[in-house]
Asks: 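Here it is: the structure, laid out below.
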Amino acid sequence: MKAVRLTAWGREPTLAEVERPVPREAEVLVRVEASGLCHSDLHVVDAAPGALPYRPPFTLGHEVAGHVAALGPDATGPTVGERVALYGPWGCGVCARCASGQDNYCDRRGGLGWHGAGLGRDGGMAEYVLVPSVRHLVPIGDLAARQAAPLTDAGLTSYHAIAGLRHALGEGTNAAVIGIGGLGHLAVQILRATTPSRVLAVDIREEALALGHRSGAHVGTLLRADTARTLKARTGGAGVDAVLDFVGNRATLELAVDILRPGGELALVGSGGGQLTVRKPGFLPPGFRLSLPFWGTRPELTEVIALARSGTLDVATEEHPLSAAPEIFGRLRAGRVHGRAVLDC
Ligand code: NAD
Ligand code: ZN
Ligand code: ZN
């Protein structure tokens with residue numbers, strides 16, 4: 001079967017012919033229908049040797065949807081042909097966190113040697129993917145695979161980050177979303193669907209702001225020297241209650257700290273490598289709270305899929321054949337993807 005392989009750190013992924021896996025014990029083989037390309041895939045490709053707790057070679061792809069193709073002898077539950085999305089942050093499966101569906105915060109993550117599907121273990125940019133357990137499968141019914149695949153990370157991570165901010169996003173509040181790409185445009189939709197907050201979108205691309213607007217943002221502004229002043233003015237001078245930063249570089253972290261009101265919350269999701277210095281006395285707003293959400297929980301993925309099936313979420317996608325993957329990585333790197341690029345597998 002065809003698979004998009006990372007063969008060495010820093011080397012662009014290539015399309016290769018690999019053997020189709022056979023499910024053993026409790027494993028499940030899924031025929032992939034669609035696999036999303038995440039900006040994290042670029043961070044993984046570009047990682048310095050030793051920076052991540054796993055090593056190439058492996059098949060990329062951590063946003064995956066398809067149908068069950070075969071079950072190992074000990075796998076029970078789903079039937080062959082059942083359409084599913086993959087919960088990707090595979091944990092140890094036995095710790096208290098994994099038992100409650102929080103594989104994303106597995107207590108043994110440090111010793112596993114992978115972060116999940118396509119992140120140290122073979123993922124879904126391939127015709128088939130081997131899933132370690134049926135507990136990682138969420139039924140999707142007739143939801144299109146090109147919608148379901150990005151929801152497993154771009155949707156789930158945004159949903160989980162917002163869940164952590166919900167107490168700060170009541171009536172009359174303002175939330176800023178920085179970076180309106182794959183994750184950011186879904187964060188705007190989830191904020192609109194699940195909170196009464198006013199949503200302010202920030203990006204460096206006009207077309208991303210247009211997508212933010214179509215996703216329900218009330219205000220959209222390009223990142224410029226005067227953006228903090230503009231955004232504060234749009235909140236009556238007080239500042240915003242929460243910032244979701246889907247970029248995480250120096251410029252966006254500075255903006256986040258500048259526009260937060262006292263007691264404000266920052267969810268740092270993007271892996272842009274920016275740094276924030278915590279010091280008292282210092283420049284962070286009094287009462288400032290920071291979270292570093294990672295992916296999301298299995299129950300949250302079920303909620304995200306349900307929101308999409310009810311028509312509340314709509315992923316903006318551009319579709320490409322699996323064979324075009326190497327070229328689409330270049331497109332994502334150049335900032336030319338609109339919403340989420342999804343590979344038709
Ligand atoms: P993307 O490439 O689809 O979108 C990024 C957006 O940010 C683009 O619209 C781009 O124009 C915009 N942008 C770039 N620089 C900017 C700047 N200086 N100011 C404002 N906007 C800017 O990326 P994505 O797939 O949505 O991922 C976003 C980030 O989230 C990545 O760093 C990714 O690695 C990270 N991520 C984290 C998790 C997690 O669990 N924490 C999960 C998935 C992705
Ligand atoms: Zn991702
Ligand atoms: Zn665990």
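We count ligands from 1, going down the list as the structure has it; atoms in each ligand are counted the same way. Start at 1 with the first residue, then count along the sequence.
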Asks: Mind checking whether Ala251 contacts ligand 1 via backbone (N, CA, C, O), side chain (CB onward), both or neither, at a 4.0 Å heavy-atom cut-off?
Replies: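 The answer is neither; Ala251 stays 4.0 Å or more away.
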Asks: Where's the contact between Ile204 and ligand 1, heavy-atom distance under 4.0 Å: side chain, backbone, both or neither?
Replies: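 Both the backbone and the side chain of Ile204 come within reach of ligand 1.
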Asks: Any N/O of Val269 closer than 3.5 Å to an N/O of ligand 1?
Replies: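 Looking only at distances, the answer is yes, because the N/O contact criterion of under 3.5 Å is met.
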Asks: Quick one: which residue pairs count as a side-chain hydrogen bond (donor to acceptor under 3.5 Å, both in side chains) with a foot in residues 109-122, not counting sequence neighbours?
Replies: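 side-chain hydrogen bond (donor to acceptor under 3.5 Å, both in side chains) check on residues 109-122 returns Arg5-Asp122.
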Asks: If you count the atoms of ligand 1 from 1 in the order shown, which ones are under 4.0 Å from a heavy atom of Thr252?
Replies: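 Once the distances to Thr252 are compared, the set is 17 (C), 18 (N), 19 (N).
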Asks: How about Arg198 and Thr235: does a side-chain donor come under 3.5 Å of a side-chain acceptor?
Replies: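 No.
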Asks: For ligand 1, does Leu42 get within less than 4.0 Å through its side chain, its backbone, both, or neither, judged by non-hydrogen atoms?
Replies: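 No part of Leu42 is near ligand 1 at this cut-off.
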Asks: Counting from 1, what ligand 1 atoms have a heavy atom of Trp295 closer than 4.0 Å?
Replies: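 So the atoms of ligand 1 that pass are 39 (C), 40 (O).
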Asks: Is the distance from the ring center of His62 to that of Tyr87 below 6.0 Å?
Replies: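 That pair fails the under 6.0 Å test.
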Asks: Determine, considering heavy atoms only, which of Gly36, Ala161, Gly181 sits nearest to atom 5 (C) of ligand 1.
Replies: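 The option holding the nearest heavy atom is Gly181.
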Asks: Looking only at non-hydrogen atoms, which of Val202, Leu292, Asp153 approaches atom 43 (C) of ligand 1 most closely?
Replies: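 Of the listed residues, Asp153 has the closest heavy atom.
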Asks: Purely on distance, is any nitrogen or oxygen of Asp203 under 3.5 Å from one on ligand 1?
Replies: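 Looking only at distances, the answer is yes, because the N/O contact criterion of under 3.5 Å is met.
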Asks: Would Arg340 count as a contact of ligand 1 if the rule is a heavy atom under 4.0 Å away?
Replies: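 Arg340 counts as a contact of ligand 1 under the 4.0 Å cut-off.
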Asks: Protein N/O/S atoms under 2.8 Å of the Zn ion (ligand 3)?
Replies: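 Result, waters dropped: Cys92 SG, Cys95 SG, Cys98 SG, Cys106 SG.
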Asks: With the threshold set at 4.0 Å, does a side-chain nitrogen-carboxylate oxygen contact exist between Arg331 and Glu327?
Replies: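 Result for this pair is no, no salt bridge flagged.
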Asks: Under 4.0 Å between a Lys/Arg side-chain N and an Asp/Glu carboxylate O for Arg214 and Asp314?
Replies: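 No, this pair does not count.
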Asks: Taking both backbone and side-chain atoms of Leu183, is any N or O found less than 3.5 Å from an N or O belonging to ligand 1?
Replies: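 Yes; the residue has a nitrogen or oxygen that sits under 3.5 Å from a nitrogen or oxygen of the ligand.
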Asks: Does Cys38 come within less than 4.0 Å of ligand 1, judged by its heavy atoms?
Replies: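 Right, Cys38 reaches ligand 1.
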Asks: Out of Ser158, Ala208, Ser40, Gly274, whose heavy atom sits nearest atom 44 (C) of ligand 1?
Replies: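 Result: the heavy atom closest to atom 44 (C) of ligand 1 is in Ser40.
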Asks: Using a strict cut-off of less than 4.0 Å between a Lys/Arg side-chain nitrogen and an Asp/Glu carboxylate oxygen, indicate whether Arg146 and Asp344 qualify as a salt bridge.
Replies: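 Asp344 and Arg146: not salt-bridged.
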Asks: Does at least one non-hydrogen atom of Pro293 fall below 4.0 angstrom from an atom of ligand 1?
Replies: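 Yes, Pro293 has a heavy atom closer than 4.0 Å to ligand 1.
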Asks: N/O of His43 under 3.5 Å from N/O of ligand 1, yes or no?
Replies: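 For ligand 1, there is an N or O atom that lies under 3.5 Å from one belonging to His43.
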Asks: Any cation-pi pair here, Arg97 with Tyr105, using under 6.0 Å and within 45°?
Replies: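 Judged by the rule, Arg97 and Tyr105 form no cation-pi pair.
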Asks: With heavy atoms under 4.0 Å as the rule, classify the contact between Val337 and ligand 1 as side chain, backbone, both or neither.
Replies: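 Contact part for Val337 vs ligand 1: neither.
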Asks: So, Trp90 versus His136, ring centres under 6.0 angstrom or not?
Replies: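 Between Trp90 and His136, the centre distance is under 6.0 Å.
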Asks: Glu318 and His338: side-chain donor and acceptor closer than 3.5 Å?
Replies: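 Their side chains do not contain a donor-acceptor pair, so the 3.5 Å distance test is not met.
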Asks: Do Thr230 and Thr221 get their side chains close enough for a donor-acceptor pair, meaning under 3.5 Å?
Replies: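 Thr230 vs Thr221: no donor-acceptor pair found between side chains.
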Asks: Say whether Val247, considering both its backbone and side-chain N or O atoms, lies within less than 3.5 Å of an N or O atom on ligand 1.
Replies: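 It does not: no N or O of Val247 is found under 3.5 Å from an N or O of ligand 1.
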Asks: Got a sec, which residues hit side-chain contact (heavy atoms from CB on, under 4.5 Å) with Ala145, two or more places apart in sequence or on another chain?
Replies: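 Ala145 satisfies side-chain contact (heavy atoms from CB on, under 4.5 Å) with Glu33, Ala34, Ala65, Arg83 only.
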Asks: Which N, O or S atoms belonging to the protein are less than 2.8 Å from the Zn ion (ligand 2)?
Replies: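 Listed by chain and number: Cys38 SG, His62 NE2, Asp153 OD2.
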